[in-house]
Amino acid sequence: MTETKLSPAKYLSLGLGVMYSLERPVRGQSSSPKDRLGRKRRTVVSSLTEDEELTEILKSYSSNKVTTTKYSFLSFIPKNLFEQLHRCANIYFIFLAALNFVPVVNAFQPEISIIPILLVLAVTAVKDLWEDYRKHKSDKFINGLVCEIYSRKQQTYVDQRWQDVHVGDFVRLSCNEIIPADMLLLYSSDPHGVCYIETANLDGETNLKQRQLVRDLPRQGSELTPENFHSRIECENPNNDLSRFRGFMEYPSKARVGLHNNNLLLRSCTIRNTETVIGIVVYAGHETKAMKNNNGPRYKRSKLERRLNVDVLWSVVLLVIMCLTAAIGHGLWLRNLKDASFLNPDTTSPALSGFYLFWTMIIVLQVLIPISLYVSIEIVKLCQIFFIQNDVDFYNEYMDSRIQCRALNITEDLGQIQYVFSDKTGTLTENKMVFRRCTIAGVEYPHEENARRLEVYKEDEAMGCSHTLKSRASAKSLSCKSLSCNRSSVSLHTLTGHSEGEESPSPTLPRHSAFSSPMEKDIVPDPFLVQKLNCLSSPLFLLRDASMELTYIVDFFMALAICNTVVVSSPNQPRHVVHFDIASMGESVSRTPLKSLEDIKMLFQPEEEEGEHGSWKDEEDKMLHLNPGAWSGLENSNGAEGPPCEPGADELIYEAESPDEAALVHAARAYRCTLQGRSLERLLVELPGMGSLAVRLLHILPFDSTRKRMSVVVRHPLTNQVVVYTKGADSVIMDLAESPEGAEQSDGRQGHIREQTQKHLDNYAREGLRTLCIAKKVQTSTEYEIWLKRHAFAETSIENREELLLESAQRLETNLTLLGATGIVDRLQEEVPETIEALQRAGVKVWVLTGDKQETAINIACACKLLRSTDQLLTANCGSKVNACKALLLELRAEVECGEAAEGTSGFTLVVDGRTLDFALQEDLKGDFLELSRRCRAVVCCRSTPLQKSHVVQLVRDQLRVMTLAIGDGANDVSMIQVADVGIGISGQEGMQAVMSSDFAISRFKHLRKLLLVHGHWCYTRLANMILYFFYKNVMYVNLLFWYQFFCGFSGSVMTNSWVLIFFNLLFTSAPPLLYGILDKDVSAETLIKLPELYKSGQNSKAYLPSTFWLTMLDALYQSLVCFFIPYFAHAGSDADMLSFGSPINASALLIILLHQVIESRTLTWLHVLVLVGSALFYFSFTLVFSVVCVTCSPPTNPLGVDKLQMSQPLFYGVCALTTVLALLPRFLFHALCNSISPSDTLKAALMDQLNPDNYCRRMQRWNQTQAQSKARGLVINVEDLDIKIPDFILPKELKECRAATGSVFS
């Protein structure tokens, strides 16, 4: 079987298919029968086994065939019909259609009554079929991809399709190939037993991840032989946790080895750097973690939809009242007409006849419930999503991404948001961490030159000279084509826009990696710190004279270089790791140029001689008075310049999992403490004055949100001691940095360091820097062995593995020696202050929920204009008692009330720390906290956990009954994104976890401004107006039929033929509302951006209030009265029959309904005119043709020639004209009066759109001359002798010079 060749378009289809298009979880395939019976573990063995019982277990697992479609060829009609019957409206109309087949209650031809519901069901079915067909094509393409599977018959690897992969199969992959199923890594061509994968298709992260062989698995010189694999794998059942995998492998010797996430290769990831890997499949198809996470678009009920459902119920009540009235009237009419000669003899009682007529009227007046409204809403929302997704302002050229609309039915909620809850890091800030300054051993190094370098970057970007981003984007696009391995296969990551015929760039072009821009890499070292480090290389300085501070400095940079999971790669061999010879590492120490090995060891073993060196302060002074002549060699070094110790040292590229890691590794490299290579068990580190050292890596304790820290356990290359290097949040490390009891001198030194470091941390926080503390711990061999036994037990456990590992890490990370701290700058994204200011002017309250320190959060709040200079800052920091917290909240509330009564305070901003927030979220304090926060203009919650974030959002949403929006970019924001009414994920530096859980995904925070103020406003007003229009036209037309009942003995007869009755709302008047809901625009996008206050109309639901609904109903009632009785009086006393009487009524109703929309529309284009005129022509053409050719198509009536005769008489046109004018006159006068006396803000803004800059400037000058002394806060513009008060706004660019010349128009 040959491998399929794919075009770039197919690549794109494939990538989207794996990440987003797989919209449905497994349909019919589930875990094995044993899993369904409660089995807690999954057993996996080689598919080559001859054990029949184990073979049956393997067969019971899901295959690798992916099916995301809902329907098959045979099941489409019954299943789609069943799904559509879940809608109550469809059941209602099917019931009415069936009821019309009952002779005693039928209103017109039964066949005609089923046309509306059949049309609605058919349109929905076609839409569902089209969506399902797209999924089918994607499934077929993915299932047909090729990989190599070991064949028992042929004793070699053969090409097979993905869908033919099963659990227990051995799969061989080459570089750049996509992983077809979740596999346990058993073999890697890398000599160190590792392989590297790119998870961009899974979580959006482009940086490399390292995976390793199962521990204690023999590393063979040749490939793994599947026939020799007789181990048994026990692992957890399939789940959607991408970061967790628990299990063990049992060898034939019964020895067990723990399995973890680093042993698992996940489906849809791409192999990098490794020529060949072999794995055994443990999860396939819908049981893979990738498929478990593909839940497709989210479905929510919008606020407008909930309001719509209430009004539909009111329509049902109105329908029942009208039918009851007709039924009672019919019964009374029959009772008073006993023995009437024109009635057929009937023994049916009047009461029973009234009961029958009730159901007949239900059929006749069924149009009162808008059957086509639900389909129209779906169509309008799809069009709104299309416009949002194709808005060029949401396109991010650097990331080559645009907005994603993952929730298809809440677009109108974007126009009603009242509270925005935002994360800080990566949402308000760039999440591009740049090393700014540090403190080591209590001494602060300000890095002033580095600060000036960052300011230059800011100025360049402000002037539009940011060449960095452009070059990065180019490198990104080129890197996809420059992947070189012995074998290249299909790559989901190759989603470039290049055509197949384009020339591929050279494979030796430099490749971009995440977090490695010049701004992030080119750190300028602090000269004073460089001078101290140069002592290690100076021949004039003896190590025995070194102070403890130098030891701390070396350990500090050693921790920065190795306490991470950074992958080192080379730019000239894209996606290939820099390998190194472990055997030769030991020789590197002997090549140390200036110091003996014994002298270097003394540097790291000074604590026994502490008493001889005197006090800590004396050592610090000694360091300050070293011979300046010794300070050479590093003075001008940085990440890009200076003589490297080895050729190509500056050619290294760091692939970090987080921007914090990259920033610290780049900082260490700037001081010549360079991480040069990484393997499974070794790290190669270059230190100044020591050369390259091989550091044995014993354990990595990864970062988690509970511990808020990360540690590595290494064997020190010089002292051979077991050393733990730890970095983490300052609030955690400072508590753990305690020396053992009894070590008085050491405790005094550490006390001094902690005191000074805390001062520096506070200063960093006030500057808005992110802080991390660095610490170490030296363990004895006995202590390490005791800990190792417990840790090994935790690693091999399946049950409670996470808890045991957490406990093991916490047991190790105690009594740490504090080395220092770093300050990392995370700049604000562009236009964040303008966006927050616009949202606040729009009446949206913005809360920032962050895990950072309070000082950092306040500094960022000031920088992004969340906290203004005129605001009064309220700080809620409580101790450990609930009563004290309650008293504090009451005190702050009283302060706010006093401030509101006084003048001069523009608002309050509340800052709450995590501990106080815990108390405030308790049941008895919720009310006080909400009342206080509701009165504040903004709230900042610092040191908050992911769970606290979601609880805050849920509390505000449920208790205040407001529309909430949560926005974030990381996995820690997922919970609050899912809780909020609208969740927005930012596809930034932290992968796609937030995006995959969100309703909408954007690339920058600034896009929120246009998404809410423009598209949100448009979507809400368009949809609200369209829904009201639907109710209006249905009620107006149904009332015409109802009034006729008073003149036909409430018999259920209608004055029109059944075809026109059915098609009137379904066809003749259906297209204009759609256009109205899709294209109507009350205010331009530019004005909505400049006048955020216009957004408040959506927050207050002004377009769709209960009062608005009932006024619309009253207007429809009036128009129906005019439309019915003017033709009635015009034909009074004539011999006109029923159909002749109904013809002008139908024509007038059509004209009134169409012209009513013209009055309500804010936009009239040629397209609107075409649809409106086309609808009218369609009606008249249909009725004319119908009256000419129809003889027996509408029994018992005969419409032959009726409409033709009516349209040939002047009375017909006179009645239509008079009826239309009188019916629409009140609404027209009402609009004119309201717009003259009390114009709405949107009308004022619409008038602003109509003014050209010159005219506007002249009116400003006139206003300044006549209203110079006015203290009003608005702007008065005379438009055609009409004074209109315009709220404050930002002037267009064209008017800025005019404003400068005429002076300020504001008080």
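All figures in this text were calculated on a predicted structure; none of them were measured in a lab.
Under the 3.5 Å distance criterion, the side-chain polar atoms of Q948 are matched with a main-chain donor or acceptor of G914. A distance-only check finds a donor-acceptor pair linking the side chain of D999 to the backbone of G983 [under 3.5 Å]. Under a 3.5 Å cut-off, the side chain of R406 and the backbone N or O of V995 do form a donor-acceptor pair. Formation of a donor-acceptor pair under 3.5 Å by the T850 side chain with backbone atoms of K424 is not found in this model. The closest donor-acceptor contact from the side chain of T1021 to the backbone of W1018 lies under 3.5 Å. No donor-acceptor pair closer than 3.5 Å links the side chain of D871 to the backbone N or O of L867. No donor-acceptor pair under 3.5 Å is formed between the side chain of Y419 and the backbone N or O of A966.
In this structure, K1006 does not pair ionically with E834, as no charged nitrogen and carboxylate oxygen lie closer than 4.0 Å. Ion pairing of K1010 with D391 is present here, as a side-chain N (NZ or NE/NH1/NH2) and a carboxylate O approach within less than 4.0 Å. Between E444 and K759 there is no salt bridge, since none of the side-chain N atoms of the basic residue sits less than 4.0 Å from a carboxylate O of the acidic one. Ion pairing between D1241 and K1244 holds under the 4.0 Å rule for side-chain N and carboxylate O. With respect to the salt-bridge test (charged N to carboxylate O, under 4.0 angstrom), the residues E897 and R893 qualify. Ionic pairing of R437 and E767 is present here: one or more N-O contacts between side-chain nitrogen and carboxylate oxygen are shorter than 4.0 angstrom. Between E449 and R452 there is a salt bridge, since at least one side-chain N of the basic residue sits less than 4.0 Å from a carboxylate O of the acidic one. Comment: D730 engages R943 in a salt bridge, judged by a side-chain N to carboxylate O separation of less than 4.0 angstrom.
If you take CD1 on I967 and OG on S422, they are separated by 5.5 Å, rounding to the nearest 0.5 Å. For the atom pair S1003 OG and D969 CG, the distance stands at 12.0 Å (nearest 0.5 Å). Expressed to the nearest 0.5 Å, how far CD1 of I417 lies from CD of Q1099 amounts to 8.5 Å. Atom CG of L761 and atom OG1 of T822 lie 9.0 Å apart (nearest 0.5 Å). Distance check: R436 CZ to T771 OG1 gives 14.0 Å after rounding to the nearest 0.5 Å. With values rounded to the nearest 0.5 angstrom, S944 atom OG is found 14.5 Å from R915 atom CZ.
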Worksheet entry | Trace of the side-chain contact (heavy atoms from CB on, under 4.5 Å) decision for R937 with R868 | CA-CA 10 Å; R937 198 176 59 86; R868 297 183 299 194; 3.3 Å; yes
Practice prompt. Using the side-chain contact (heavy atoms from CB on, under 4.5 Å) rule, take V956 and L930 through it: C-alpha gap first, then chi angles, then the decisive distance, then the call.
Written response: CA-CA 7 Å; V956 173; L930 277 177; 4.0 Å; yes
Practice prompt. Show your working on salt bridge (charged side-chain N to carboxylate O under 4.0 Å, His left out) between E837 and R841 and close with a plain yes or no.
Written response: CA-CA 6 Å; E837 183 181 19; R841 288 177 58 193; 5.8 Å; no
Practice prompt. Before giving the answer on ring-ring contact (aromatic ring centres under 6.0 Å, His included), spell out for F394 and H1015 the whole-Å C-alpha distance, their side-chain angles and the decisive distance to 0.1 Å.
Written response: CA-CA 11 Å; F394 292 141; H1015 289 285; 5.5 Å; yes
Item to complete: For L664 and I824, run side-chain contact (heavy atoms from CB on, under 4.5 Å): C-alpha distance rounded to whole Å, both residues' side-chain angles, the deciding distance at 0.1 Å, then the answer.
Response: CA-CA 9 Å; L664 297 183; I824 299 174; 3.9 Å; yes
Practice prompt. Quick one: do C942 and V911 satisfy side-chain contact (heavy atoms from CB on, under 4.5 Å)? Show the steps, please.
Written response: CA-CA 7 Å; C942 50; V911 178; 4.3 Å; yes
Practice prompt. Show your reasoning for whether salt bridge (charged side-chain N to carboxylate O under 4.0 Å, His left out) applies to R770 and D660.
Written response: CA-CA 9 Å; R770 288 172 58 88; D660 299 81; 3.4 Å; yes
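When every heavy atom of S1097 is checked against every heavy atom of Y1020, the shortest pair comes out as O-CE2, 4.4 Å. Residues I523 and A663 approach most closely at CD1-O, 4.2 Å, considering heavy atoms. Between Q840 and A938, the shortest heavy-atom contact is NE2-CB, 4.2 Å. Minimum interatomic distance between Y1095 and A842 (heavy atoms only, all atoms of both residues): CB-CB, 3.7 Å. Taking all atoms of both residues into account, the shortest heavy-atom contact from L304 to D413 is N-OD1, 4.4 Å. The two residues T916 and A876 have their closest heavy-atom pair at OG1-O, 3.2 Å.
Under the side-chain contact (heavy atoms from CB on, under 4.5 Å) criterion, P833 pairs with L828, K865, not counting sequence neighbours.
I836 is listed as a side-chain neighbour of L428, based on a closest heavy-atom distance under 4.5 Å. A 4.5 Å side-chain heavy-atom check between S1240 and K1102 finds every atom pair outside the cut-off. No side-chain heavy atom of F908 sits less than 4.5 Å from a side-chain heavy atom of L892. With a 4.5 Å cut-off on side-chain heavy atoms, L1012 and L965 count as touching. Put simply, the side chain of C936 does not reach to within 4.5 Å of the side chain of K845, judged on heavy atoms. Using a 4.5 Å cut-off on side-chain heavy atoms (C-beta onward), V979 and H951 make no contact. Between M976 and D423 there is a side-chain heavy-atom pair separated by less than 4.5 Å. By the 4.5 Å heavy-atom criterion applied to side chains, T945 and L917 are not counted as neighbours.
Between E895 and the choices L890, L874, L932, the side-chain contact (heavy atoms from CB on, under 4.5 Å) rule is met once, by L874. If you run side-chain contact (heavy atoms from CB on, under 4.5 Å) between L866 and each of L839, T909, V940, only V940 comes through.
Under 3.5 Å, the side chains of T1242 and D1082 contain no donor-acceptor pair of N or O atoms.
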